[in-house]
Student: 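Here it is: the structure, laid out below.
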Amino acid sequence: MLAVAGVGYLLAAGRVRGGWSRKRSASFIAGLVVVATALLSGIDTYADYLLSVHMVEHMLLMTVAPVLLVCGAPVRLALAASRSRGRRAIAMLLHQRVVALATRPAFGVTLLCAVMLGTYLTGLFELSLRSQTVHALEHAAFFWSGVLCFAPLIAADPFPRPPSALLRFAWLMVVMTAMVVVGALLSFDSSVRYAPYLEPARAMHVSALADQQLAGVVMWFGGGLFGAVLMLVLVTQTLFAEERRQRRRERYASDRAAPGSTAERAFIA
């Protein structure tokens, strides 16, 4: 499935007239690699034995992979690579009420925070350790809630009503706060919260409580570092975008003031 997505993306990129951004392509492929690393490597194997490794897996699925994939701008690529009929169909889909609602920051951020808090602070996480079906659904929930959360915040795709820079920072702070809450609760809990990790940790001669505290640190500081880096990227993008707009305004003003400009000819006439 991941290979199909990667090949499909690269084939679409090759159809874009004038070429497609290599940075976007590299970001999308890197996102697929992160998903594969989280689900198909030793991380997924040891996630059944150590909560800290499981937390790394979840962080990759709900933050790193979605951000990289979203930065690849797959919707924008689909528009650029499609013919006029395909572009109209995609544009109509984007303006459907359901899509417009799902791509609003309030929806995505609320969903990701609800998935995080609902997973770690209820019996749902422990249930996922006993059921492969629930475990798979949990991973899907983390991944897709991450995509819906970060797509409008990064705004690489042309979704309706993109949020302002200030709102993006505010919503990102909400996500980081939820991560801090989960991380702090796991780090300062004096007892093992998830009983299924007791026996595997004992077999590996590891303290289950210490491993749980390490998992909290991964969520707490890992989430904080991730949020800080993403915020820095968004600030940089905002500054560059404002600089480009200012240059266009200056160029437009210069053209209007230049001798023989349209405005001057109209005045003389």
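Since this is a predicted model, take the numbers as computed values, not measurements.
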Student: Are the side chain of S131 and the backbone of L127 linked by a donor-acceptor contact shorter than 3.5 Å?
Tutor: no
Student: Where the side chain of T122 meets the backbone of G118, is there a donor-acceptor pair that is under 3.5 Å apart?
Tutor: yes
Student: Would you call M231 and R168 a side-chain contact if the rule is heavy atoms closer than 4.5 Å?
Tutor: no
Student: Taking side chain as C-beta onward, heavy atoms only, is L50 less than 4.5 Å from P200?
Tutor: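 Contact flag for L50/P200 side chains = no.
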Student: Can you sort out the partners of A81 under side chain to side chain contact (heavy atoms under 4.5 Å, CB included), two or more places apart, ordered by chain and number?
Tutor: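 A12, R15, V16.
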Student: Let's go through H54 and F125 carefully: what are the C-alpha distance in whole Å and the side-chain angles of both, what is the deciding distance for ring pair (Phe, Tyr, Trp, His ring centres under 6.0 Å) to 0.1 Å, and is it a yes or a no?
Tutor: CA-CA 11 Å; H54 208 156; F125 183 71; 5.1 Å; yes
Student: I need the minimum non-hydrogen distance between P66 and L60, along with the two atoms involved.
Tutor: CD-O, 3.9 Å
Student: If two hydrophobic side chains count as joined below 4.5 Å and joins carry through other members, does V134 share a cluster with M116?
Tutor: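 No, separate clusters.
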Student: Between E57 and A47, is there a donor-acceptor pair closer than 3.5 Å when you use the side chain of the first and the backbone of the second?
Tutor: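 Such a contact is absent between E57 side chain and A47 backbone.
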Student: Pick one: which of V115, L121, T119 meets side chain to side chain contact (heavy atoms under 4.5 Å, CB included) with L117?
Tutor: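 Checked V115, L121, T119 against L117; only one passes side chain to side chain contact (heavy atoms under 4.5 Å, CB included): L121.
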Student: If we only count heavy atoms from C-beta on, is the D157 to L79 side-chain gap below 4.5 Å?
Tutor: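 Of all side-chain heavy-atom pairs linking L79 with D157, none is under 4.5 Å.
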Student: Measure across S27 and L68 and return the closest heavy-atom pair with its distance rounded to 0.1 Å.
Tutor: OG-O, 2.6 Å
Student: Please report the interatomic distance CG(L51) to CG(L186), rounded to the nearest 0.5 Å.
Tutor: 6.5 Å
Student: Any side-chain heavy atom of L185 within less than 4.5 Å of one from D189?
Tutor: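 No. Closest side-chain heavy atoms not under 4.5 Å.
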Student: May I ask you to test the L77-R24 pair for a side-chain heavy-atom distance under 4.5 Å?
Tutor: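 Side-chain contact under 4.5 Å: no.
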Student: Might you point out which heavy atoms bring A178 and C113 nearest each other, and give the distance in Å?
Tutor: CB-SG, 3.7 Å
Student: Is the backbone of F107 close enough, under 3.5 Å, to the side chain of T110 for a donor and an acceptor to pair up by distance?
Tutor: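 No; judged by distance alone, with no hydrogens or angles, the pair does not exist.
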Student: Indicate yes or no: at least one non-hydrogen side-chain atom of I154 is less than 4.5 angstrom from one of C71.
Tutor: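 A side-chain contact under 4.5 Å exists here.
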Student: Applying side chain to side chain contact (heavy atoms under 4.5 Å, CB included) to L167 and L153, what does each step give before you reach the verdict?
Tutor: CA-CA 8 Å; L167 281 177; L153 298 185; over 6 Å; no
Student: Identify whether Y194 and F142 are in the same connected component of the hydrophobic contact network (ILVMFWY, side-chain heavy atoms under 4.5 Å).
Tutor: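 Yes, one cluster joins them.
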Student: Any chain of hydrophobic side-chain contacts (each under 4.5 Å) joining V217 to V181?
Tutor: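 In one cluster: no.
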Student: Test of understanding: with side chain to side chain contact (heavy atoms under 4.5 Å, CB included), list the residues that count as partners of L198, not counting sequence neighbours.
Tutor: V192, A195, R202, A208
Student: State the CG-CE distance between L225 and M176, to the nearest 0.5 angstrom.
Tutor: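 L225 CG to M176 CE: 9.0 Å, rounded to 0.5 Å.
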Student: Please assess F226 against F150 for the test ring pair (Phe, Tyr, Trp, His ring centres under 6.0 Å), listing each intermediate value before the final yes or no.
Tutor: CA-CA 12 Å; F226 166 82; F150 295 113; 5.5 Å; yes
Student: How far apart are the closest heavy atoms of L209 and S190, and which atoms are they?
Tutor: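 In terms of heavy atoms, the two residues are closest at CD2-O, 3.8 Å.
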Student: Does atom OH of Y46 have more than 12 heavy-atom neighbours, drawn from other residues, nucleotides or ligands, at distances under 6.0 Å?
Tutor: no
Student: Return the CG to CE distance between L214 and M219, rounded to the nearest 0.5 Å.
Tutor: 12.5 Å
Student: Apply the test side-chain hydrogen bond (donor to acceptor under 3.5 Å, both in side chains) to residues S128 and E138: give CA-CA distance (whole Å), side-chain angles for both, the deciding distance (0.1 Å), then the verdict.
Tutor: CA-CA 7 Å; S128 72; E138 175 194 73; 3.2 Å; yes
Student: Does A156 offer a backbone N or O that forms a donor-acceptor pair with the side chain of R76 under 3.5 Å?
Tutor: yes
Student: Compare every heavy atom of L172 with every heavy atom of G227, then report the nearest pair and how far apart it is.
Tutor: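 Closest approach of G227 to L172: O-CD2, 3.7 Å.
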Student: Just say parallel, tilted or perpendicular for the rings of H58 and H139, cut-offs at 30° and 60°.
Tutor: perpendicular
Student: Looking only at heavy atoms, what is the nearest atom pair of S25 and A13, with distance?
Tutor: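 Nearest heavy atoms, S25 then A13: OG-CB, 4.2 Å.
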Student: How many angstroms lie between CG in L101 and OG1 in T103, if you round to the nearest 0.5 Å?
Tutor: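 If I round to the nearest 0.5 Å, the distance is 8.0 Å.
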Student: In the structure I gave you, are the side-chain heavy atoms of L69 and P74 within less than 4.5 Å of one another anywhere?
Tutor: no
Student: If you define the side chain from C-beta out and look only at heavy atoms, does anything of V7 sit under 4.5 Å from L11?
Tutor: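 Yes, side chains in contact.
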Student: Mind checking what makes side-chain hydrogen bond (donor to acceptor under 3.5 Å, both in side chains) contact with W20, not counting sequence neighbours?
Tutor: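 For W20, the residues satisfying side-chain hydrogen bond (donor to acceptor under 3.5 Å, both in side chains) (neighbours in sequence not counted) are Y9.
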Student: Taking a hydrophobic cluster as the set of Ile, Leu, Val, Met, Phe, Trp and Tyr residues connected by side-chain heavy atoms closer than 4.5 Å, whether directly or through intermediates, do L61 and W220 fall within one such cluster?
Tutor: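 Unlinked, L61 and W220 end up in two clusters.
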Student: Calculate, to the nearest 0.5 Å, the distance between atoms CD and OG belonging to Q213 and S52 respectively.
Tutor: 11.5 Å
Student: Give, for atom CG of D48 and atom OH of Y197, the distance between the pair rounded to the nearest 0.5 Å.
Tutor: 6.5 Å
Student: Sub-3.5 Å donor-acceptor pair from the side chain of S82 to the main-chain atoms of R87, do we have one?
Tutor: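 The answer is no, because no donor-acceptor pair under 3.5 Å joins these two groups.
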Student: Consider only side-chain heavy atoms of I, L, V, M, F, W and Y, link residues closer than 4.5 Å, and tell whether L40 and L137 are in one cluster.
Tutor: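 Different clusters: L40 never reaches L137 through Ile, Leu, Val, Met, Phe, Trp or Tyr contacts under 4.5 Å.
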